[in-house]
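To start, the structure itself, in structure tokens.
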Number of protein chains: 2
Amino acid sequence: MGGRAVRDHDAVRATARPTLRDIAEEAGVSISTASRVLARARTGPPRSAAAERVVAIAERLHYQPDLSAASLRTRRTRMLGVLVPRLTDIVLSTIYEGLDSAAESLGYQTVVANTLDSSEEQRRRAEMLLTRRVDGLILGDARIDDAYLDELAARRVPFALVSRSHPPYDSVTCDDLAGGRLVGDHLADLGHRRIGIIAGEPHATTGRDRAQGCLEALRRRGVDVPSSWVVHSTFDAEGGYDAAHRLMQDSTAATAIFAVNDMTAIGAIGALRDLGHRPGTDIAVVGFNDISIAGQLPVPLTSVRSPLTQMGAEAARLLVDRLQLSRPEARERAPVQLRLAPQLFVRASSDPSSTEGWTPGLRAGTASRA
Amino acid sequence: MGGRAVRDHDAVRATARPTLRDIAEEAGVSISTASRVLARARTGPPRSAAAERVVAIAERLHYQPDLSAASLRTRRTRMLGVLVPRLTDIVLSTIYEGLDSAAESLGYQTVVANTLDSSEEQRRRAEMLLTRRVDGLILGDARIDDAYLDELAARRVPFALVSRSHPPYDSVTCDDLAGGRLVGDHLADLGHRRIGIIAGEPHATTGRDRAQGCLEALRRRGVDVPSSWVVHSTFDAEGGYDAAHRLMQDSTAATAIFAVNDMTAIGAIGALRDLGHRPGTDIAVVGFNDISIAGQLPVPLTSVRSPLTQMGAEAARLLVDRLQLSRPEARERAPVQLRLAPQLFVRASSDPSSTEGWTPGLRAGTASRA
DNA sequence: TGACGGCAGGCAATCGTTTCCGTATTTTCC
DNA sequence: GGAAAATACGGAAACGATTGCCTGCCGTCA
């Protein structure tokens with residue numbers, strides 16, 4: 001039996017997927033020619049009769065290159081690994097949606113994994129993705145003092161951060177400081193002077209920066225927030241519920257609460273109501289991210305909209321850019337921390353005079369490099 | 001230069017990932033032996049001195065097999081493709097979370113894609129996943145009369161459905177008919193006789209079955225629902241808002257509304273409020289799925305809990321089971337439609353007398369094969 | 001002591017693609 | 001028309017694993 005005959009080629013393979021060999025044979029060219037022609041077919045029209053035949057046959061047979069084989073050879077998978085704390089968090093799933101669709105239009109597929117915001121899971125899942133030989137990683141769960149990032153950089157794994165930042169690494173975030181300032185100014189404008197802040201997880205730059213921006217704006221307006229009025233919590237409704245309880249057990253109750261996350265704000269509202277307050281009337285509540293239900297709540301929630309979809313998309317672009325750059329082993333591009341502009345939407349939860357749930361934005365959202 | 005020397009093996013590769021060859025060389029065995037030893041290492045202890053050396057070296061070098069190479073050879077990728085309408089829908093992301101974590105413990109990784117509940121996207125993304133040579137698909141977006149499923153079956157692509165069913169194909173769903181009946185009985189118990197239903201997308205079995213179960217239970221109790229009181233909508237808050245408006249423009253207003261999805265119910269509540277009703281007081285509202293914020297809303301939402309995480313996990317198991325079965329090209333397993341038991345949680349949106357938001361379940365949730 | 005079964009281990013083919021390196025052919029330009 | 005440059009094409013070697021087949025060693029048992 002010759003090498004060829006061993007493959008049950010012509011008989012059984014009728015149903016199997018066509019390979020380059022099938023196309024080459026039918027077109028009467030070599031496999032290498034078929035490969036080259038198809039590689040070029042994406043950029044320009046076929047440039048010879050043989051090339052035309054190859055393209056036509058590939059078309060007819062619905063040829064799809066075997067990506068395992070290709071990436072075995074090229075060491076590239078055209079897959080991006082994505083880590084997020086949790087996809088059930090609407091904020092992260094929205095970011096991921098933007099990320100995935102941008103990646104797709106750049107010719108990459110994504111694989112996503114939940115890390116539950118735990119360092120161990122972060123490392124474990126990242127290593128699983130790297131075993132799959134993803135071309136790069138996008139981390140949505142970077143922590144302040146995240147040693148794993150340094151390790152990745154040392155191993156020269158291309159990666160970018162999204163949602164949270166960690167200079168000097170590439171990242172795309174909302175301009176959280178600016179967003180926090182919008183809230184501080186807004187609350188000060190309304191005359192509040194006793195303000196509590198639910199600042200989220202201490203290891204996340206999102207919460208830290210939003211809280212800090214708010215404090216900064218307030219201080220500039222002469223409003224001081226005692227440090228015991230800044231409490232931490234998880235980024236979900238339960239966390240907000242607990243945090244609001246802790247915050248309000250102080251007898252000198254706040255007249256306003258800024259929660260750095262909408263779900264947290266929703267939980268806080270629940271707690272306030274349980275405590276006999278009327279959110280939006282007795283006490284102002286402001287959230288962050290402006291998730292879609294924020295404006296649909298019974299008491300529509302004032303919130304800072306962060307461009308989540310766009311953040312994901314920019315992160316994908318940033319990473320792909322770096323990936324392509326690293327191809328000619330040439331100079332590195334300087335790291336980029338992209339901060340997208342936030343926008344405040346005032347609604348009844350902070351300002352009962354706002355007539356409707358859905359207020360058009362006050363400031364145009366433009367991106368700025370930093 | 002001999003073949004070996006051409007690889008920049010010992011010098012430059014110090015940093016690169018170790019391959020079987022590296023291990024074999026260092027252990028003084030052939031590559032095939034190294035491969036076999038490592039394959040067996042997962043099940044039992046090494047059975048010879050050489051085997052011990054191989055395992056130790058692999059351990060020390062943190063050897064990870066190259067999955068591209070392995071799957072090129074074995075035609076298996078240990079990846080499952082997952083299609084969902086949208087991950088930003090908490091229902092789907094919860095299902096996916098259960099699915100992914102079960103898949104992981106079964107030794108599979110998942111790749112997920114949004115299809116926006118569109119047939120074209122469904123097909124396009126599924127084909128992309130199949131190009132990646134995923135071992136099987138899990139579809140969370142099956143439609144009634146979904147021709148693509150028949151095509152997949154004809155092409156012998158292993159797949160399973162989740163959330164929505166489509167006999168005779170493998171599926172894992174909530175027992176939506178039973179869930180609907182719980183709601184019908186509940187509303188009838190409360191004395192409602194004018195009931196509107198927001199039944200979701202007409203192409204989804206979830207909405208259809210939940211609505212039908214409710215109608216069935218009501219009919220048994222002598223309550224008739226005119227067909228114009230059953231309206232369709234998308235599965236998000238906007239859809240519920242619109243649908244409730246349509247429903248209530250009928251002058252003979254309903255005293256209760258069953259929305260087959262919690263987000264839809266939330267939107268409906270918003271609309272009712274805009275129309276001057278007081279949901280929970282004037283008009284009962286019941287949702288479905290019992291997403292986490294349902295119980296945290298200002299007027300806590302009565303809802304039927306469907307075991308979303310478990311659904312995803314069972315779907316993964318079902319597919320992996322089929323995958324392993326199809327290995328010895330032997331007999332096929334009979335198709336399975338697994339329906340998981342739902343559970344009603346009564347809260348203030350339908351029954352103001354329910355004292356707290358969080359009512360423990362009335363019936364134990366057990367799985368039943370069908 | 002010799003036949004035999006079991007098992008460890010080596011050789012080599014193979015999966016499907018990309019890409020280096022020649023040679024053959026065409027085009028370009030004087 | 002001919003030399004030079006550009007291009008097309010084929011052969012063959014990888015990429016890193018899995019696996020069928022074969023050899024040789026070991027122990028067992030009659």
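Note on naming: letters A, B, ... go to the chains in the order of the sequence lines (proteins, then strands), and numbering restarts at 1 for each one.
Atom CG in Leu38(B) sits roughly 9 Å away from atom P in dA17(D) (whole-Å rounding). Whole-Å rounding puts the Asp66(B) CG to dG16(C) P distance at 17 Å. In this structure, Leu67(B) atom CG and dG16(D) atom P are separated by 13 Å, rounded to whole Å. A straight line from CZ of Arg76(B) to P of dC15(C) spans 16 Å, rounded to a whole angstrom. What separates CD1 of Ile23(A) from C1' of dG16(C) is a distance of 12 Å, to the nearest Å. Following rounding to the nearest Å, Glu25(B) (CD) and dG16(D) (P) show an atom-to-atom distance of 12 Å. In this structure, CZ of Arg73(A) is placed 16 Å from C1' of dA17(D), rounded to the nearest angstrom. Rounded to an integer number of Å, the gap from CG of Leu20(A) to C1' of dT18(C) is 9 Å.
The side chain of Tyr63(B) places no N or O atom within less than 4.0 Å of a non-bridging phosphate oxygen (OP1 or OP2) of dG16(D). Checking the phosphate oxygens (OP1, OP2) of dG16(D), a side-chain nitrogen or oxygen of Arg75(A) falls inside 4.0 Å.
No side-chain donor from either of Arg21(B) and Thr19(B) sits under 3.5 Å from a side-chain acceptor of the other.
Remark: of the listed residues Asp146(B), Asp117(B), Thr115(B), Asp146(B) is the sole one forming a side-chain hydrogen bond (donor to acceptor under 3.5 Å, both in side chains) with Gln122(B).
For the atom pair Phe159(A) CZ and Ser171(A) OG, the distance stands at 10.0 Å (nearest 0.5 Å).
With respect to the salt-bridge test (charged N to carboxylate O, under 4.0 angstrom), the residues Glu26(B) and Arg53(B) do not qualify. Taking 4.0 Å as the cut-off between side-chain N and carboxylate O, Arg155(A) and Glu151(A) count as a salt-bridged pair. With respect to Arg78(A) and Asp135(A), no salt bridge is recorded, no charged nitrogen being found less than 4.0 Å from a carboxylate O.
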Seminar exercise, completed: Contact string for nucleotides 6-12 of chain D, one letter per nucleotide 5' to 3', B = base within protein heavy-atom range under 4.0 Å, S = sugar-phosphate only, - = neither, reads --SBBBB
